[in-house]
Protein chains: 2
Amino acid sequence: MVTIADVARHAGVAPSTVSYVLTGKRSISPQTRTKVRESIRLLGYHPHAGARALATSRANVVALVLPLRHGVHLPVVMRFVTAAVTTARRHDMDVLLVTADQGAQGLRRVAGSAQVDGFLVMDVELDDDRVPLLRQIAQPSVLIGRPAAVKGLTCVDLDFEAAGARCVDHLADLGHRYIGFLGAPSVVYQRNTGYAQRTMAGFGAAAMRRGIASTALPAEDDYESVLASVRSLLRTQPAMTALVVHNEAALGWVAGSLRALGRRVPDDVAVVAICPDELAEQMQLTSVQLPAEELGRQAMELLVARLNGHPAAPVTLLPPKLSGRASTAPRLRRA
Amino acid sequence: MVTIADVARHAGVAPSTVSYVLTGKRSISPQTRTKVRESIRLLGYHPHAGARALATSRANVVALVLPLRHGVHLPVVMRFVTAAVTTARRHDMDVLLVTADQGAQGLRRVAGSAQVDGFLVMDVELDDDRVPLLRQIAQPSVLIGRPAAVKGLTCVDLDFEAAGARCVDHLADLGHRYIGFLGAPSVVYQRNTGYAQRTMAGFGAAAMRRGIASTALPAEDDYESVLASVRSLLRTQPAMTALVVHNEAALGWVAGSLRALGRRVPDDVAVVAICPDELAEQMQLTSVQLPAEELGRQAMELLVARLNGHPAAPVTLLPPKLSGRASTAPRLRRA
DNA sequence: TTGAAAGCGCTAACAC
DNA sequence: GTGTTAGCGCTTTCAA
């Protein structure tokens, strides 16, 4: 292995000089700098990460804590991940993957061994047992999602409540008076998942505000279940003319289910999805964007800022954005 | 921070003794052991990963190199990842996430800085520019997938050629004589992706062997494209009674497309998918399993074994397994 | 069965 | 503008 001493010898300078060339923490004469740079290139030198971590108490690695469990839509997770990793790399940080199944236990281990400088935690539940731990450990953390008690935590999230409401408002403005809601698989609600519950709450409250009748049901992610849920919604509320869908995996089956039940989109039933824009675009659905990349990027930026000594930011809520597409149309009054 | 010296002082022993208790590399009297263990617990001691890496030249971290680019089906990727991470943790290893967009450059950096002890590389192409690098670096690597030249490389892969052939055989045995093939998005083939090409090759060769007419087309992952591809297949080969689909993202649209074109599954057109079992189960499709978890697990096991001094394994090919479901039925001879 | 001490490779005072 | 050197926390020889 080629060490900093090798480089120093080769360039005819002291090891510390090489270090300073690398870190830029003190001024170096141009000649020395080029000489050192040349030696580094020639010898193919890379600083030993462990040694550096030991000397600086900084690993230049952040932990990315992922869900990977039932009911979370994996493509969406991947979007977060890509954005987070890309952003981390832009700040010369690497990313250690920690799966949620390792639990609070896993976090403690990683934190204790100083493997990482900070934590980016995805898919936080309303009452998450990792939160107390995150408050204890030495490293700062940023959450994607919001637990019930956010005091002192840095969180980034889509304003799901507003997102639910936005769907209702859009449909109400188009003249719809009976709206259904197709939610995530029921396990997601059982788990006390913030975003799912908040969307529901926002949806329900907005419907009340606008004097609109609403019915909601969860949906699993296979065709049969979706069909059953949609059928059940229509049976409960025969006058239903619009549907809000907050379930990426079910999305593909919704149009088919409605068709199978004799309803056409958007003429008989209008559909609004809450999902990543790309997915909505692909199926030509009116949708409220789930800005996964934006959330991942912002969360990582906040974490990096924190690591660089900036004060902890509180909760960042992204406002929902609705894009109109082919699946919604004004409700025609029938005489 | 609590160090090994703190623990030693607290337990009234030498630092080295604490170290030996931890690593088990020499025998310790039961009394001392319990005393030390107690101090560790009390003080909440965790060895500093960087310091340990420096002293042992072992980071206990492996790099997981992921695709995350267009045309790869993210849920499948996630399956690999979960299995790989879980397996790594079972061997007390952590996982550093390296995205493919960082390229060979990124691998060199990570390898050079001794951040990881080995590499697990997913989605390897036939002519992959990372392969030469992997041969150079100090750390061993295991590939999921197979480049054209596998000499000296450890690879784990599904036998995609056999998988393609298996589909044909199944359909041929049922009496089908005209079979279509719906492949991955065309970019995947343009990229020279091994598994896609091998499946095609196996499919084609088997069809020739069995004297069966075959037609193949790529498919993008939206409904319109799938419909167009299926229509085109039917136009090219009007007698087509069976379809092999090697495209997870398109799978959801296949049945609908066939229906839209007046064909019912399996009566008019039988469908065999090559995809993860769970997906096939969900849609009730006869399928050849894509054993993502198994591949991820085996790859990681091989890597860990290598790190523990075992000799490098060559290419491991998993045999394809076909599960019959509702989407295929014997072809009825029409008089 | 245990302790003492020499590094592992790097950074950051401190000195000039 | 540059060199010298004392650690960072751990492992592992060597010695007892």
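So you know, we letter chains A, B, ... as the sequences are listed, proteins then strands, and number each from 1.
Taking the side chain of A:Ile28 as heavy atoms from C-beta on, and the options D:dT2, D:dG3, C:dT2, the nearest nucleotide is D:dT2.
Counting distance only, with no hydrogens placed and no angle test, the side-chain atoms of A:Ser16 and the base atoms of D:dT4 include a donor-acceptor pair under 3.5 Å.
The CG-P distance, from B:Leu54 to C:dT11, rounds to 12 Å in whole Å. Across the protein-nucleic acid pair, A:Arg52 atom CZ and D:dG7 atom C1' stand 17 Å apart, rounded to whole Å. Note: CD1 (A:Ile4) to P (D:dC8) measures 19 Å, nearest angstrom. A:Tyr20 places its OH atom 11 Å from the C1' atom of D:dT4, with the value rounded to the nearest Å. The interatomic distance linking A:Gln115 (CD) with D:dG9 (P) rounds to 16 Å, in whole Å. In this structure, A:Met1 places its CE atom 7 Å from P of C:dG9, rounding to the nearest Å. Between the CG atom of B:Asp6 and the P atom of D:dC10 there is a distance of 9 Å, given to the nearest Å. Nucleotide C:dC14 holds its P atom 13 Å from the CZ atom of A:Arg26, rounded to whole Å.
Proximity of B:Thr17 to the phosphate of C:dG3: a side-chain N or O atom is located under 4.0 Å from OP1 or OP2. Contact check, B:Ser57 against C:dC8: no side-chain N or O comes under 4.0 Å of OP1 or OP2. Here A:Tyr45 reaches the OP1 or OP2 of C:dC10: one of its side-chain N or O atoms lies under 4.0 Å away. Residue A:Thr3 has no polar side-chain atom (N or O) positioned under 4.0 Å from OP1 or OP2 of C:dC8. Look at A:Ser29 and you'll find a side-chain N or O under 4.0 angstrom from OP1 or OP2 of D:dT2. Distances shorter than 4.0 Å separate none of the side-chain N or O atoms of B:Lys25 from OP1 or OP2 on D:dT11.
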Going through the distances and angles, do A:Glu38 and A:Arg33 end up as a salt bridge (Lys or Arg N to Asp or Glu O under 4.0 Å)?
CA-CA 8 Å; A:Glu38 187 58 10; A:Arg33 203 198 336 268; over 6 Å; no

Report the C-alpha separation of A:Leu107 and A:Val98 in whole Å, then their side-chain angles, then the decisive distance to 0.1 Å, and conclude whether the side chain to side chain contact (heavy atoms under 4.5 Å, CB included) test is met.
CA-CA 8 Å; A:Leu107 293 192; A:Val98 180; 4.2 Å; yes

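Screening B:Arg146, B:Arg191, B:Arg130 for a salt bridge (Lys or Arg N to Asp or Glu O under 4.0 Å) with B:Glu125, the sole residue that qualifies is B:Arg191.
Among the atoms of the strands shown, none is found under 4.0 Å from any heavy atom of A:Val18.
Taking the side chain as every heavy atom from C-beta outward, A:Met1 and A:Asp6 never approach each other to under 4.5 Å. At a threshold of 4.5 Å between non-hydrogen side-chain atoms, the residues A:Val124 and A:Thr193 do not count as touching.
When each of A:Ala5 and B:Thr32 is assigned the nucleotide of DNA chain C bearing its nearest heavy atom, the one mapping closer to the 5' terminus is B:Thr32.
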